[in-house]
Amino acid sequence: KATFLGKKRMLVAGCEVVEGEMQVDTVLRVVRKGEVIFEGEINSLRVVKDEVEKVEEGNECGILVEGFKDVKEGDEILSVAMVDPIVY
């Protein structure tokens with residue numbers, strides 16, 4: 001949706017969760033024009049000014065990712081839950 005500067009002048013991506021949910025400490029992929037341009041971790045999620053652990057489908061939030069300052073309007077941000085495989 002939009003980007004803005006948060007505390008300590010860090011870039012925050014304003015987003016709408018259109019499917020599933022976003023959670024802090026999950027892997028995040030930024031996709032631009034069909035290509036993954038960044039993979040990292042969600043450091044902070046905010047709804048209005050409240051810091052939250054997760055944001056569910058249909059809600060808007062701000063996502064902070066340390067080390068990536070090139071988020072642009074129109075980028076797709078995917079949250080990927082990584083799980084350890086179970087070995088039997």
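All values reported here derive from a predicted model rather than from experimental measurement. For reference, positions follow the sequence shown, starting with 1. Note that these values count all heavy atoms, side chains included, but never hydrogens, waters or copies made by symmetry.
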Exercise for review: Could you tell me whether the side chain of S79 reaches within less than 4.5 Å of the side chain of I42, counting heavy atoms only?
Suggested key: yes
Practice item. Would you mind reporting whether V30 and L28 have side-chain heavy atoms less than 4.5 Å apart? Key: yes
Check your understanding: Would a hydrophobic clustering, with Ile, Leu, Val, Met, Phe, Trp and Tyr connected at side-chain separations under 4.5 Å, put V31 with F38?
Key -> no
Exercise for review: Any chance you could measure E60, atom CD, to C15, atom SG, to the nearest 0.5 Å?
Suggested key: 9.5 Å
Point to revise | Any I77 side-chain heavy atom under 4.5 Å of I63 side chain | key: yes
Review point. Can you tell if the side chain of D70 reaches within under 4.5 Å of the side chain of R32, non-hydrogen atoms only?
Key: yes
Check your understanding: Any donor-acceptor pair under 3.5 Å linking the side chain of E57 with the backbone of G20?
Key -> yes
Point to revise | From C61 atom SG to M22 atom CE, the distance as rounded to the nearest 0.5 Å | key: 6.5 Å
Review point. What distance separates L64 CG from N43 CG, expressed to the nearest 0.5 Å?
Key: 5.5 Å
Review point. About how many Å separate CZ of F68 and CG of D75, when rounded to the nearest 0.5 Å?
Key: 6.5 Å
Check your understanding: Hey, what do you get for CD (E21) to CD (E56), rounding to the nearest 0.5 Å?
Key -> 6.0 Å
**Study point:** Cluster overlap V55 with V18, hydrophobic side-chain contacts below 4.5 Å
**Key:** no
Check your understanding: Going by heavy atoms in the side chains, are D25 and E41 under 4.5 Å from each other?
Key -> yes
Review point. With a 4.5 Å heavy-atom cut-off, do E39 and V27 have their side chains touching?
Key: yes
Exercise for review: To the nearest 0.5 angstrom, please state how far the CD atom of E19 sits from the CG atom of L78.
Suggested key: 9.5 Å
